[in-house]
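One structure below.
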Amino acid sequence: NYDYTDCLTYVKDWITKADFSVANIETTLGGEPYSGYPMFSSPDGLAHSLKAVGFDLISTANNHSMDTGFSGLCRTLNTLDEAGLMHVGTYRTKEEYDSTSGIVVCDVGGISIAFLSYTYGTNGLTVSEENSFSVNIFNTDYLTTVSTLNEEKLEREMAAARALDTDLIAVMLHWGIEYRTTESAYQNEVADFLIANGADLILGGHPHVCQPMEFREVELEDGSVSTGFVIFSLGNFISSQSPYTLKNGEYTDTTAIVNLELTKDPLSGSSSVTGVTYVPCLMLNRYTAENRYYLLDAYRGIEEYESGNTSIVTSEVYTRLKKAVSDCRDILGSEWVTEYDEVDSGK
């Protein structure tokens with residue numbers, strides 16, 4: 001049995017107190033033998049731990065979706081079901097996909113959101129023709145240059161999402177260039193296409209480092225403007241990548257929890273993103289036999305050290321936490337000030 005809840009001790013309050021919490025699980029739950037990079041299969045306990053700390057919806061469309069084959073993909077979804085986690089992005093049968101067009105509708109504090117999830121590709125692993133429904137891939141050339149948008153598929157599925165008449169549409173995307181802290185031109189192209197087709201939120205990952213987030217306006221053919229909030233990448237969350245384990249890994253242990261405030265106007269009935277804050281985090285590898293990994297809320301860790309508690313946050317970790325706060329501000333944007341910003345400024 002494996003229990004990962006201790007890894008999230010320092011951040012679980014952010015997850016549990018949200019009306020709704022989402023994450024990407026970039027592995028399969030394919031059963032034993034368990035395996036790491038480059039073909040992942042993780043213990044079932046991961047799903048149960050994610051549920052225990054308060055996650056609600058898991059995105060399963062990413063470049064590792066096919067690591068344990070179609071059977072592993074199906075087993076992953078079965079295990080998430082057993083843990084009580086909703087999921088979006090991969091499917092066991094064509095009927096499962098067809099019944100919803102790959103869309104999951106969720107109630108988020110009284111606001112309805114249609115969630116979709118896509119990946120740029122599957123690390124060169126072919127999705128067979130008979131199982132073509134199983135992974136939501138947004139490129140037609142996913143086995144080669146991964147640079148040609150499948151406009152027909154996205155237009156069809158975004159139309160299906162709009163037809164549901166939910167308050168908002170959120171698209172979770174696996175995209176971008178690894179270890180690059182700025183978005184690519186292709187990410188901008190895909191974001192504009194999705195916003196033009198009704199996406200209100202785009203929640204991105206894959207590069208293993210943080211990338212900027214922004215409110216983005218797209219002019220439509222009729223001259224009107226559509227606006228969406230885009231997070232290009234939140235980097236790693238739980239991961240063993242760090243500057244100490246990876247050649248290009250300067251920012252791979254730095255991440256953030258983004259809190260989005262959604263508001264529905266009781267008169268017009270329209271909903272929008274009315275507030276954005278983030279919590280800088282540091283993935284700490286203590287290189288110990290027990291309690292080795294902790295994801296630290298950077299502000300909380302800084303407070304602990306400055307109050308004299310050095311059981312987890314040593315002077316070296318304290319310095320890294322301060323750097324994580326600074327790096328998040330530089331990469332994610334200084335305008336997304338959190339309610340804990342006074343910690344960094346010394347107040």
side-chain hydrogen bond (donor to acceptor under 3.5 Å, both in side chains) partners for Tyr318, two or more places apart
Glu306
Quick check on the 6.0 Å ring-centre criterion: do Tyr118 and His174 meet it?
no
Exceeds 12 heavy-atom contacts within 6.0 angstrom, atom OH of Tyr37:
no
Val313 backbone acceptor or donor facing Thr310 side chain under 3.5 Å
no
Which heavy atom of Leu234 sits nearest to which heavy atom of Ile231, and what is that distance?
CG-CG2, 3.6 Å
Do Thr254 and Met283 come close enough that some side-chain heavy atom pair is under 4.5 Å?
no
Is the side chain of Asp265 donor-acceptor paired with the backbone N or O of Leu267 at a distance under 3.5 Å, no angle test?
yes
Using modelled atom types only, decide if a donor and an acceptor are shared between the side chain of Thr166 and the backbone of Ile113 within a distance under 3.5 Å.
no
Nearest heavy-atom pair of Val53 and Ile15: which atoms, and what distance?
O-CG2, 3.4 Å
So how far is it from Asn285 CG to Ser242 OG, rounded to the nearest 0.5 Å?
6.5 Å
For the atom pair OG (Ser21) and CG (Leu85), what is the distance rounded to the nearest 0.5 Å?
11.0 Å
Looking only at heavy atoms, which two atoms of Leu332 and Cys210 are closest? And how far apart?
CD2-CB, 4.0 Å
Looking only at the side chains, is there a donor atom on one of Asp3 and Thr5 sitting less than 3.5 Å from an acceptor on the other?
yes
Set out, in order, the CA-CA distance, both residues' side-chain angles and the distance that settles salt bridge (Lys or Arg N to Asp or Glu O under 4.0 Å) for Arg92 and Asp81, then state yes or no.
CA-CA 12 Å; Arg92 288 161 285 207; Asp81 285 343; 2.7 Å; yes
So, the side chain of Arg286 versus the backbone of Asn291: is there a donor-acceptor pair under 3.5 Å, distance only?
yes
Heavy-atom side-chain proximity of Thr90 to Asn136 below 4.5 angstrom:
no
OH of Tyr293 to OG1 of Thr288: how many Å apart, nearest 0.5 Å?
9.5 Å
Salt bridge between Lys323 and Glu250, side-chain N to carboxylate O under 4.0 Å?
yes
If only atom types and distance count, is the side chain of Asp200 paired as donor or acceptor with the main-chain N or O of Ile169 below 3.5 Å?
yes
Is it true that Tyr97 and Tyr91 have ring centroids separated by less than 6.0 Å?
yes
Distance only, no hydrogens: is a donor on one side chain within 3.5 Å (strictly under) of an acceptor on the other, for Asp141 and Thr148?
yes
Criterion side-chain contact (heavy atoms from CB on, under 4.5 Å) on Val22 and Ile58, from CA distance to verdict
CA-CA 6 Å; Val22 302; Ile58 301 298; over 6 Å; no
Could you give the distance from CD (Glu82) to CG (Asn78), rounded to the nearest 0.5 Å?
6.5 Å
Hits for side chain to side chain contact (heavy atoms under 4.5 Å, CB included) against Thr16, two or more places apart or cross-chain, chain-then-number order -> Asp13
Check Ile238 against Cys7 and note the closest heavy-atom contact, atom names and distance.
CD1-CB, 4.0 Å
Closest non-hydrogen atom pair between Phe193 and Leu149, with its separation
CG-CD2, 3.7 Å
Ring centres under 6.0 angstrom apart (Tyr34, Phe40)
no
Ignoring hydrogens and angles, tell me if any N or O in the side chain of Thr28 forms a donor-acceptor pair with the backbone of Thr76 under 3.5 Å.
no
Is the count of non-hydrogen atoms from other residues, nucleotides or ligands lying under 6.0 Å from Asp222 atom CG greater than 12?
yes
Could you walk me through whether Asn62 and Asn24 satisfy the side-chain hydrogen bond (donor to acceptor under 3.5 Å, both in side chains) test, starting with their C-alpha distance in whole Å, then the side-chain angles of each, then the deciding distance to 0.1 Å, before giving a yes or no?
CA-CA 8 Å; Asn62 55 70; Asn24 164 61; 3.2 Å; yes
Between Phe229 and Phe215, is the ring centroid distance below 6.0 Å?
yes
Report the C-alpha separation of Asn259 and Val276 in whole Å, then their side-chain angles, then the decisive distance to 0.1 Å, and conclude whether the side-chain contact (heavy atoms from CB on, under 4.5 Å) test is met.
CA-CA 6 Å; Asn259 298 304; Val276 181; over 6 Å; no
What do you reckon, are the aromatic ring centroids of Phe232 and Trp175 less than 6.0 Å apart?
yes
Using a 3.5 Å distance criterion without hydrogens, assess whether the side chain of Ser239 forms a donor-acceptor pair with backbone atoms of Asn236.
no
Should Leu296 and Ile312 count as side-chain neighbours, where that means a heavy-atom distance under 4.5 Å?
yes
Which pair of non-hydrogen atoms, one from Thr60 and one from Ser65, has the smallest distance, and what is that distance?
O-OG, 2.7 Å
Has the side chain of Ser35 got a donor or acceptor atom that lies under 3.5 Å from a matching backbone atom of Met39?
yes
Separation of Tyr179 OH from Ser233 OG (nearest 0.5 Å)
11.5 Å
Within-4.5 Å side-chain heavy-atom neighbours: Arg216 and Asp192:
yes
Please determine, by modelled atom types, if Ser272 and Thr274 share a side-chain donor-acceptor pair under 3.5 angstrom.
no
With clusters defined by side-chain heavy atoms of hydrophobic residues (ILVMFWY) lying less than 4.5 Å apart, directly or transitively, does Val279 cluster with Val209?
no
Salt bridge Lys12-Asp297, side-chain N to carboxylate O under 4.0 Å:
no
Parallel, tilted or perpendicular, as decided by the 30° and 60° cut-offs, for the rings of Tyr2 and Tyr4:
parallel
Is any side-chain heavy atom of Asp167 closer than 4.5 Å to a side-chain heavy atom of Lys264?
yes
Tell me, with the steps shown, if Ile302 and Val325 meet side-chain contact (heavy atoms from CB on, under 4.5 Å).
CA-CA 10 Å; Ile302 289 169; Val325 171; 4.0 Å; yes
Decide side-chain hydrogen bond (donor to acceptor under 3.5 Å, both in side chains) for Asn131 and Lys94; before the verdict, give the C-alpha distance in whole Å, the side-chain angles of both, and the deciding distance to 0.1 Å.
CA-CA 8 Å; Asn131 295 327; Lys94 189 174 187 304; over 6 Å; no
Looking at Arg180, is its backbone amide N or carbonyl O close enough to the side chain of Gln211 to form a donor-acceptor pair, meaning the two atoms are under 3.5 Å apart?
yes
Inter-residue atom distance Ser226.OG - Asn197.CG, 0.5 Å rounding:
9.0 Å
Qualifying residues under side-chain hydrogen bond (donor to acceptor under 3.5 Å, both in side chains), relative to Asp56, sequence neighbours excluded
none
Taking it one step at a time, do Thr68 and Ser41 satisfy side-chain contact (heavy atoms from CB on, under 4.5 Å)?
CA-CA 7 Å; Thr68 49; Ser41 183; 3.8 Å; yes
Taking the six-membered ring for Trp, is the centroid-to-centroid distance between Phe115 and Phe20 below 6.0 Å?
yes
Can Ile257 be reached from Ile331 by stepping across I, L, V, M, F, W or Y side chains whose heavy atoms are under 4.5 Å apart?
no
Taking the side chain from Asn150 and the backbone from Phe138, do they hold a donor-acceptor pair closer than 3.5 Å?
no
Between Tyr294 and Tyr10, what is the ring plane arrangement, given parallel below 30°, perpendicular above 60°, and tilted in between?
perpendicular
Between Leu173 and the options Leu194, Leu203, Thr119, the side-chain contact (heavy atoms from CB on, under 4.5 Å) test singles out Leu194
